[in-house]
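So the structure is just underneath, and the comments pick up after that.
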Amino acid sequence: MSDMTFDRMIQQMTPVIYDSLKQAVALRKWPDGRMLTPEQTELCLEAVMRYEVENNVPEAERVGYLEQRTCGSASSGADVPPELAGLARDATRD
């Protein structure tokens, strides 16, 4: 029986393994194409999140990060990239 614990596994995880687990969670499948079970998805996501915290991954690069945006009069839209600017346009005008 292995002495490997979840905490020890996180401590020994390499950036390559982290990237592989992160991709597996995003695609819901392993690199060989097999689907992750819900339990595997949950464990992989927990491992990815723990790795990010313990390795000081910048917040903007962490899984699930959403950029803060303001609404209403405080939002001018000036910082919206051109490729996203047309998302809210009136579709009846086309």
Side-chain angles (χ1 to χ4, degrees):
M1 177 176 269
S2 173
D3 290 338
M4 184 65 72
T5 64
F6 194 77
D7 289 332
R8 191 164 168 212
M9 181 193 72
I10 301 301
Q11 293 168 355
Q12 295 180 352
M13 189 183 302
T14 66
V16 172
I17 294 171
Y18 161 75
D19 287 336
S20 180
L21 290 176
K22 191 173 176 180
Q23 181 178 20
V25 169
L27 300 176
R28 299 293 195 263
K29 62 182 178 179
W30 295 112
D32 67 4
R34 290 178 296 133
M35 297 301 293
L36 270 71
T37 66
E39 294 82 13
Q40 290 171 329
T41 302
E42 184 177 333
L43 284 171
C44 288
L45 183 56
E46 183 177 350
V48 165
M49 291 168 41
R50 293 267 305 272
Y51 176 91
E52 291 174 342
V53 169
E54 292 191 18
N55 290 279
N56 299 315
V57 173
E59 187 176 335
E61 295 175 22
R62 293 183 184 179
V63 71
Y65 173 77
L66 296 174
E67 185 177 344
Q68 288 280 3
R69 300 227 179 212
T70 58
C71 299
S73 61
S75 178
S76 69
D79 62 343
V80 176
E83 63 273 11
L84 297 179
L87 290 179
R89 72 173 191 266
D90 186 354
T92 62
R93 296 167 133 187
D94 290 340

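No more than 12 heavy atoms of other residues, nucleotides or ligands sit less than 6.0 Å from atom CD of Glu59. When the shell of 6.0 Å around CD of Gln23 is examined, it contains 12 or fewer heavy atoms from other residues, nucleotides or ligands. Annotation for Glu54: atom CD counts as buried by contact number, over 12 foreign heavy atoms lying within 6.0 Å.
For Thr41 against Val25, the heavy-atom pair with the smallest separation is O-CG2, 4.1 Å. Nearest heavy atoms, Val57 versus Tyr18: CG1-OH, 4.4 Å. Shown here for Met35 and Arg28, the closest heavy-atom pair between the two residues is CE-O, 3.3 Å.
In this structure, Arg50 contributes its side chain and Asp7 its backbone to no donor-acceptor pair below 3.5 Å. With hydrogens and angles disregarded, a donor-acceptor distance shorter than 3.5 Å links the side chain of Glu52 to the backbone of Val63.
Side-chain contact between Asn55 and Met13 is absent, with no heavy-atom pair separated by less than 4.5 Å. With contacts defined as side-chain heavy-atom distances shorter than 4.5 Å, the pair Gln40/Trp30 qualifies.
Taking CE of Met49 as the start and CD1 of Ile10 as the end, the distance is 11.0 Å to the nearest 0.5 Å.
Contacts of Glu39 classified as side-chain contact (heavy atoms from CB on, under 4.5 Å), with partners at least two apart in sequence or in another chain: Thr37.
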